[in-house]
Number of protein chains: 2
Amino acid sequence: MKTSKDKNRIPEATMRRLPRYFLQIKRLLDEGSRYVSSKKLGDYLGVKGTQIRKDLSYFGVFGKARYGYETLSLAKAIKKILGLTKQYKMVIVGAGNIGRALASYSGFHTCGFDVKYIFDIDDKKIGNIISGVKVYDFNKIEEILDKGEIDIAIISTPENKALQAAQRLKDNGVNAFYNFTSAELNSIEDVFIEDAEISHGIFKLAHRLRGKWPRKESD
Amino acid sequence: MKTSKDKNRIPEATMRRLPRYFLQIKRLLDEGSRYVSSKKLGDYLGVKGTQIRKDLSYFGVFGKARYGYETLSLAKAIKKILGLTKQYKMVIVGAGNIGRALASYSGFHTCGFDVKYIFDIDDKKIGNIISGVKVYDFNKIEEILDKGEIDIAIISTPENKALQAAQRLKDNGVNAFYNFTSAELNSIEDVFIEDAEISHGIFKLAHRLRGKWPRKESD
């Protein structure tokens, strides 16, 4: 297991930019662009060309002099870096407002993250179809999920149900959680947890409005 | 304007943890806890006590030996640090799935971010009430908003409408945007833009599942 001191570790800011590179390059592909320079890509994204070249060089991806990057190869390379050559199977637990919105969030599907099941405990929701995915009874999860079938669970239950739901998912072989509640799931051992930080962005904006942070972040 | 090299700049990882500290301390206050040690707070949040003390020391906040932090003072201090002694007025533009979910996201209201208006261009949505907030016609925005009335706009339109919507908001005095689309808004000058990174979290989980990132991040 790597640590933050590992020199080979890719900077988090780089990882954060890669999806944006990927989506923009896909748009360019759709428009029929064969080549894109780091400068041009940077102009679209508000990132310096030198930063883009540095980011891609971590993965051994380099452009050609005068032409820049070949768009299709670059899309493939980033897809591989992001691990999107594999499909990831997801469940959404909690079919409230956030759960429903995430079920229809196109960004997941575009990048190979497929929502296979939605779970809830509300009889009025069980059996409904949300964005093509059926809502199942969470209390019957053992009958529905095969062990190892699901890679990632999105937790969008009420806050006071989140920990219990995640633990039950873990007991059914799910090891990675994308937590959209403000509950703390850290007491579950040996799983990957990622907290969605909807409030984080708004706090940053508030800070910048008050002049405490730079207008644009360097990363 | 500060740069990333400014020594007084608070680390982003610290800023990211503060809302979590704040929410947990609020929970402790609700339970009637008068004091909380950095160790105990850390156990709730999966953060080391030393890290919490370091984070809070940036702002001149220190606990007492043996007792730790006085819960109420700490809540007030973090509230001040986060700029939550002020109320922020928001609009949501785009009453689709994400926009509706954000309108009912309790995390905003709890922290002093109030959604004043929701805008859409769909006649079927205009006039509806979502979580107590009325949906107005975006094409009449000039008649509805006073200049300087709104601090932050959440953009949750379809991707191909986002840039145009944000530009029109800017023309009506809005200078900070929380962008929930995958559109790039960087071409708008002199505004604060924060991109919501829903896909970012899922990419990080995918990476960790593939063993490329540490199970738990150091920050």
Side-chain angles (χ1 to χ4, degrees), chain A residues 1-4 9 12 15-16 18-20 23-24 44-46 82-84 86 88 97-98 100-102 104-105 107-108 111 113 151-152 175-178 182 184 186-187 190 192-210 212-219, chain B residues 1-4 9 12 15-16 18-20 23-24 44-46 82-84 86 88 97-98 100-102 104-105 107-108 111 113 151-152 175-178 182 184 186-187 190 192-210 212-219:
Chain A
M1 199 141 293
K2 291 173 183 181
T3 73
S4 61
R9 192 183 169 198
E12 188 171 334
M15 291 310 303
R16 190 156 50 209
L18 282 180
R20 298 178 58 210
L23 294 173
Q24 184 62 42
Y44 284 120
L45 302 173
L82 288 172
L84 305 182
K86 175 180 174 344
Y88 293 89
N97 289 308
I98 294 275
R100 284 200 303 273
L102 292 171
S104 56
Y105 178 67
F108 291 144
C111 295
F113 296 89
D151 300 298
I152 297 167
N175 294 315
F177 298 95
Y178 199 7
S182 56
E184 293 290 341
N186 288 291
S187 59
D190 297 321
F192 300 103
I193 297 163
E194 191 62 36
D195 292 307
E197 287 155 346
I198 292 180
S199 60
H200 177 212
I202 210 88
F203 286 126
K204 280 166 83 173
L205 282 175
H207 260 261
R208 289 188 198 170
L209 282 172
R210 289 162 61 242
K212 300 223 168 178
W213 269 16
R215 183 161 283 259
K216 228 169 214 177
E217 280 187 88
S218 55
D219 64 354
Chain B
M1 199 141 291
K2 290 173 183 180
T3 74
S4 61
R9 193 183 168 197
E12 190 171 332
M15 290 310 303
R16 191 156 48 212
L18 283 180
R20 296 177 60 210
L23 293 174
Q24 185 60 43
Y44 284 118
L45 302 175
L82 288 171
L84 304 182
K86 175 182 174 343
Y88 293 88
N97 288 308
I98 295 276
R100 284 200 302 273
L102 292 172
S104 56
Y105 178 67
F108 290 144
C111 295
F113 295 88
D151 300 299
I152 297 168
N175 295 314
F177 298 95
Y178 199 8
S182 55
E184 294 289 340
N186 288 291
S187 59
D190 296 322
F192 300 104
I193 297 162
E194 192 60 36
D195 291 309
E197 288 154 344
I198 292 180
S199 60
H200 177 212
I202 211 89
F203 286 125
K204 280 167 81 172
L205 283 174
H207 261 260
R208 290 188 199 171
L209 283 171
R210 290 161 62 239
K212 301 223 168 178
W213 268 16
R215 184 162 282 262
K216 227 170 211 178
E217 281 185 89
S218 55
D219 63 355

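Here is how names work: the chains are called A, B, and so on, in the same order as the sequence lines, proteins then strands, and each is numbered from 1.
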- Item | Separation of B/L205 CG from A/F177 CZ (nearest 0.5 Å) |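 Separation between the atoms: 10.0 Å.
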Any heavy-atom pair between the side chains of [Y] and [X] that's under 4.5 Å?
| X | Y | answer |
| --- | --- | --- |
| A/I202 | B/F108 | yes |
| B/I198 | A/L102 | yes |
| A/F203 | B/Y88 | no |

- Query: For the side chain of A/R208 and the backbone of B/I193, is there at least one donor-acceptor N/O pair under 3.5 Å apart?
  - Reply: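 Checking the backbone N and O of B/I193 against the side chain of A/R208, a donor-acceptor pair under 3.5 Å is found.
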- Message: As an exercise: rank A/I152, A/I98, A/L45 by heavy-atom pairs under 4.5 Å with chain B and give me the winner.
- Response: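 Heavy-atom pairs under 4.5 Å are most numerous for A/L45.
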Examine whether an atom of [X] lies under 4.5 Å from a heavy atom of chain B, and if so say whether it belongs to the side chain, the backbone or both; otherwise answer neither.
| X | result |
| --- | --- |
| A/Y178 | both |
| A/L84 | side chain |
| A/Y105 | side chain |
| A/A206 | both |

- Side chain, backbone, both or neither: which part of B/L82 has a non-hydrogen atom closer than 4.5 Å to chain A? both
- Using non-hydrogen atoms only, which part of B/S182 is less than 4.5 Å away from chain A: side chain, backbone, both, or neither? both
- Message: At a heavy-atom distance under 4.5 Å, which candidate from B/A176, B/P19, B/A196, B/S187 has the highest pair count against chain A?
- Response: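 Ranked by heavy-atom pairs under 4.5 Å with chain A, first place is B/P19.
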